[in-house]
Amino acid sequence: MRIIKAKDYDDMSRKAAAIMASVITLKPDCTLGLATGSSPVGLYQNLIAAYERGELDFSKVSSINLDEYKGLSGDNDQSYRYFMNHNLFDHVNIDKNNTHVPNGLEPDSEKACADYNAIIHASKGIDIQLLGIGRNGHIGFNEPSDHFTAETHCVDLTESTIDANKRFFEKEEDVPRQAYTMGIKTIMEAKMVLMVACGADKADAIKGMVEGPVTPQVQASILQFHPNVVLVADEAALSKVTSI
Ligand code: F6R
């Protein structure tokens with residue numbers, strides 16, 4: 001695992017965006033694995049700025065997002081489809097037909113997950129998977145558990161995740177209790193994993209991921225077995241890691 005120290009959120013976003021931009025430049029028809037949440041917003045802003053400067057072309061790029069709340073439509077401003085349109089897709093020349101987010105409106109979980117797995121299997125593989133990390137070590141919405149789940153599945157969100165995400169909703173009751181998420185095997189099959197993390201509230205999760213035992217209780221710890229992980233994090237997020 002390569003660890004790149006960033007001075008602050010802006011520095012983290014710039015450094016991580018440069019890595020993602022290089023993948024797009026090297027392989028214009030690449031498949032990006034994308035994430036939502038507050039961690040990647042600055043990275044997306046940097047990609048948009050590079051596109052506006054004429055440095056990046058998204059016309060042949062495809063994307064596969066990590067997750068979506070069950071029950072929210074793409075028009076709902078809390079859905080992850082809405083987030084992606086608003087924070088990236090509406091501002092670059094990506095063909096939205098080539099962008100994929102689980103269908104939050106599919107009530108049949110088995111069907112929603114099978115449909116998303118079919119999209120993942122039909123792709124030529126994820127070239128770079130962008131990840132944030134939950135305070136409890138989740139990646140995507142793979143919550144602490146007694147096992148790792150391979151492919152797309154429906155999860156009950158933990159109290160810690162509901163608490164962390166309520167800032168985006170008017171009331172805590174509005175936070176959906178379930179989500180569809182890409183599984184750990186799919187994340188592990190990405191050719192490269194790029195994680196961004198910022199802030200002291202991520203320090204325990206980052207320590208568990210980098211130095212802790214590999215355990216489904218800290219789902220990100222499995223990344224220790226991935227051959228090509230880059231973590232870009234600020235000092236506060238790295239404050240409990242002793243091996244750097
Ligand atoms: C988002 C996702 C989540 C977030 C994580 C961190 O698509 O899958 O795992 O990356 O919850 O969220 P932020 O960045 O808001 O701290």
Do you know which of M209, E211, H226 makes side chain to side chain contact (heavy atoms under 4.5 Å, CB included) with M1?
M209
Can you give me every donor-acceptor pair (side chain of residues 179-188, partner residue at least two apart or in another chain, under 3.5 Å) with its distance?
from : atom 1 : to   : atom 2 : distance (Å)
Y180 : OH     : E106 : O      : 2.6
T181 : OG1    : F141 : N      : 2.9

Applying side-chain hydrogen bond (donor to acceptor under 3.5 Å, both in side chains), can you list everything that pairs with [X], at least two apart in sequence or on another chain?
X    : answer
N97  : D95
T152 : N117
K202 : none
E151 : H121

Quick test of your reading of the model: are R135 and D204 salt-bridged, counting only N-O distances below 4.0 Å?
no
Over 60° means perpendicular and under 30° means parallel, so classify the ring planes of F83 and Y80, tilted if in between.
perpendicular
Listed partners of [X] passing salt bridge (Lys or Arg N to Asp or Glu O under 4.0 Å), at least two apart:
X    : result
R53  : E55
D90  : K96
K60  : none
E235 : none

Residue list, side-chain contact (heavy atoms from CB on, under 4.5 Å) with I4, at least two apart or on another chain
K15, I19, V230, V232
side-chain contact (heavy atoms from CB on, under 4.5 Å) partners of A236, counting only residues at least two apart
A200, D234
Establish, yes or no, whether a centroid distance under 6.0 Å links the rings of Y69 and F168.
no
Could you give all pairs that pass the ring pair (Phe, Tyr, Trp, His ring centres under 6.0 Å) test and reach residues 40-67, with sequence neighbours left out?
none
